[in-house]
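Data first, discussion second: the structure below is written as structure tokens.
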Amino acid sequence: MKRIAYMSLCLFFMVVAFAHAAEDPITGLANATISYFNPVAGSVLRIAGDEVVIAQAAGGSGQLFPGMRLRVMREGEPFRHPVTREVIGKVETPAGKIEVKKVSPEAVVARLVEGLAQAGDLVRLSDTKVRMLFCQDRGIDWYLADAYYRKLKASGRIEMLDTALESGDEARALAEAKRLGAEVALILTAREQDRTIFMRTRLVWVSDGTRFFDSEISIAPEQSRDLKFGDAFFVPKLGEAVMTYDMPYRGRLLAAGDFDGDGKQEIMISNGKDIRFYTPGVDFKPLWEIKGSAQDDHLWLDAVDLNANGRDEVVVTSMRNSEVTSAIYEFTGEGFKLLWEGKYFTRRHGSGLIAQAYTNADGFSLDILKIIWKGGYAIGEKLKLPKGVNVYDFVTLEGPNREPLVFAYDDKGFLNLYDEKGTRVWKSGADTGGFISTFKKTAKAAYLDAEEWSIKDRMIPAQREVMVVYRVPLTSMLKTAGYKTSSLRTYGWNGIAMEESVTIDDVKGAVLDYAVAGDKLIVLSSPFMGLKFDNILKGESPLGTMLHIYSVKGR
């Protein structure tokens with residue numbers, strides 16, 4: 001009965017806190033969360049058994065709520081100004097800690113959590129930031145969790161402790177919080193019913209596992225859409241890279257995956273023939289390598305757990321002896337084993353794998369097919385796509401009403417959006433600056449110039465947005481001459497117009513490839529004109545690439 005009464009009182013205060021923010025439930029949730037950590041002060045009036053009755057100081061910036069924890073401070077000897085000897089305060093020493101249990105107009109009742117308390121002691125929640133672990137479940141909508149995270153962080157009251165753990169399990173979150181030295185664990189989960197999202201927040205004191213806040217808010221479809229397009233995944237701009245590595249070789253392709261099944265993301269970089277694997281941390285630890293042949297020219301690199309064994313497979317497409325071949329490898333504990341080869345272009349699509357045939361005359365040929373796992377890799381059904389869209393041209397995403405959309409490059413590098421009927425509903429006003437890997441088709445007649453086909457740039461979809469590479473050529477007349485700068489931009493369709501934002505701006509030279517690994521955005525770039533001029537002055541090789549790591553946690 002005590003627990004029910006306590007939760008009812010908590011819910012009462014939550015309803016009051018949310019009332020002013022009905023238009024934006026996440027702001028209301030953030031304000032209710034922060035209210036438990038706003039500075040507040042008071043004093044102990046009396047002790048009644050294991051209860052501590054306190055009075056809140058007038059004019060405090062915060063209010064008292066059940067579940068709040070305050071420090072008990074005991075005044076000691078006065079201390080004086082060293083020159084005037086005037087009393088300017090009293091020494092305060094920590095005596096204990098209390099937890100507020102009941103708030104009413106007559107009294108505020110708390111219980112002693114640790115230490116001692118006596119009448120006349122001061123109670124205080126200072127303006128020092130609270131160390132909080134933010135742990136969100138894997139299935140929660142990234143946009144909504146991100147908006148909540150940033151509102152909490154922007155309050156200035158909370159020191160966020162990030163974690164790679166994605167779980168709604170309270171015990172696992174508490175163990176991680178203890179490991180990181182957090183005072184509070186926030187566990188965020190969500191469920192969906194009739195297109196309405198119900199987002200639940202639990203706050204737990206790490207020291208003894210006491211849950212003091214448990215709230216579920218509802219987010220209607222139109223509110224979810226407004227939040228997502230008004231507070232997009234990859235904005236505001238990420239700013240400077242948190243880490244940059246000067247690679248000792250010329251990397252060309254980049255992808256991320258959990259290749260050894262340890263629950264952590266590794267990255268792999270191809271130089272066109274060999275693939276090297278790393279831990280994306282401060283020391284950029286090398287792990288493994290897949291050695292290619294001298295005839296290999298890698299065109300595409302991806303990772304996907306198609307056989308659902310908890311380890312991502314490596315998927316690499318190569319031009320080899322004027323033929324296109326794709327291979328699938330898997331880590332065995334000692335190295336990588338070749339599982340499958342086929343004469344297709346391949347790439348990841350959602351959580352699956354797709355393929356398309358190749359011909360010397362046209363490059364991409366015939367339908368785009370699914371590759372499926374049935375105890376082995378096999379060819380499945382074909383995808384229904386707009387005419388002229390090839391395997392590396394597109395991603396699929398949802399519109400604001402969950403309608404399926406296709407976001408695709410055309411052969412000129414313009415971006416296009418197609419509805420579920422295959423009708424184009426939007427086209428970009430400018431191209432994206434050209435592609436890195438371009439090939440000539442076989443000319444149909446000796447007097448005709450051969451047309452081209454290209455491996456398009458990677459596009460990463462995130463819910464209802466897509467990230468795209470833009471490059472600024474040295475000269476618009478000859479894009480193959482190189483690139484001055486590059487950027488990453490994000491697009492989201494709101495049902496009427498395309499929303500565009502810049503994620504990363506002014507990367508020197510050409511962005512070659514990029515990947516999202518956990519809470520990191522990793523960008524592989526070639527310097528201006530493909531040369532490191534500082535290395536020339538040092539007498540070192542000017543060839544190489546740069547690896548930039550940006551944090552996307554809380555954005």
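In this text the structure is predicted, and so the values were computed from the model without any measurement.
- Salt bridge Arg471/Asp457: present, at least one basic N to carboxylate O contact under 4.0 Å.
- None of Lys129, Arg131, Lys153 except one satisfies the side-chain hydrogen bond (donor to acceptor under 3.5 Å, both in side chains) rule with Glu159; the exception is Arg131.
- Contact between Asp513 and Leu254 at its shortest, heavy atoms only, is OD2-N, 2.9 Å.
- Taking the charged nitrogens against the carboxylate oxygens, Lys273 and Asp297 have no contact shorter than 4.0 Å, which rules out a salt bridge.
- Of the inter-residue distances, the one linking Glu341 atom CD with Thr346 atom OG1 reads 11.0 Å to the nearest 0.5 angstrom.
- Between Arg347 and Asp302 no salt bridge is recorded (no basic side-chain N to carboxylate O distance below 4.0 Å).
- Counting non-hydrogen atoms of other residues, nucleotides and ligands closer than 6.0 Å to NZ of Lys427 gives a total above 12.
- Classified by interplanar angle (parallel below 30°, tilted 30° to 60°, perpendicular above 60°), the ring pair Trp340/Tyr344 is parallel.
- Panel note: side chain Asp305, backbone Asn309; a donor-acceptor pair is recorded below 3.5 Å.
- With hydrogens and angles ignored, the 3.5 Å screen pairs no side-chain donor or acceptor of Thr423 with any backbone N or O of Asp419.
- Not one N or O on the side chain of Thr325 forms a donor-acceptor pair closer than 3.5 Å with the backbone of Ser318.
- Taking Arg348 as the reference, nothing meets the salt bridge (charged side-chain N to carboxylate O under 4.0 Å, His left out) condition, with sequence neighbours excluded.
- Applying the salt bridge (charged side-chain N to carboxylate O under 4.0 Å, His left out) test to Glu403 and every residue at least two apart in sequence or in another chain returns nothing.
- Note: Phe336 and Phe277 have parallel aromatic rings, judged against thresholds of 30 and 60 degrees for the angle between ring planes.
- In this structure, the ring of Phe364 has its center less than 6.0 angstrom from the ring center of Phe345.
- A cation-pi arrangement is absent between Arg311 and Phe331, since the terminal nitrogen or guanidinium carbon is not both under 6.0 Å from the aromatic centre and inside a 45° cone about the axis.
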Could you check Ile455 against Phe435 for side chain to side chain contact (heavy atoms under 4.5 Å, CB included), going step by step and ending with a plain yes or no? CA-CA 7 Å; Ile455 303 293; Phe435 305 111; over 6 Å; no
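- Taking the six-membered ring for Trp, Tyr149 and Phe134 have ring centres closer than 6.0 Å.
- Ring orientation note: the planes of Phe259 and Trp288 are nearly perpendicular, at an angle over 60° on the 30°/60° scale.
- Under a 4.0 Å N-O distance rule, the pair Arg424/Asp410 does not qualify as a salt bridge.
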What do the steps show when you test His548 against Tyr245 for ring-ring contact (aromatic ring centres under 6.0 Å, His included), and what is the final call? CA-CA 6 Å; His548 314 277; Tyr245 298 94; 9.6 Å; no
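- Side-chain contact between Leu488 and Tyr514: present, with at least one pair of heavy atoms (C-beta onward) separated by less than 4.5 Å.
- Partners of Glu166 by salt bridge (charged side-chain N to carboxylate O under 4.0 Å, His left out), not counting sequence neighbours, listed by chain and number: Arg138.
- Just one residue in the list Arg252, Arg320, Lys291 forms a salt bridge (Lys or Arg N to Asp or Glu O under 4.0 Å) with Asp296, and that residue is Arg320.
- Ionic pairing of Glu420 and Arg402 is not present here: no N-O contact between side-chain nitrogen and carboxylate oxygen is shorter than 4.0 angstrom.
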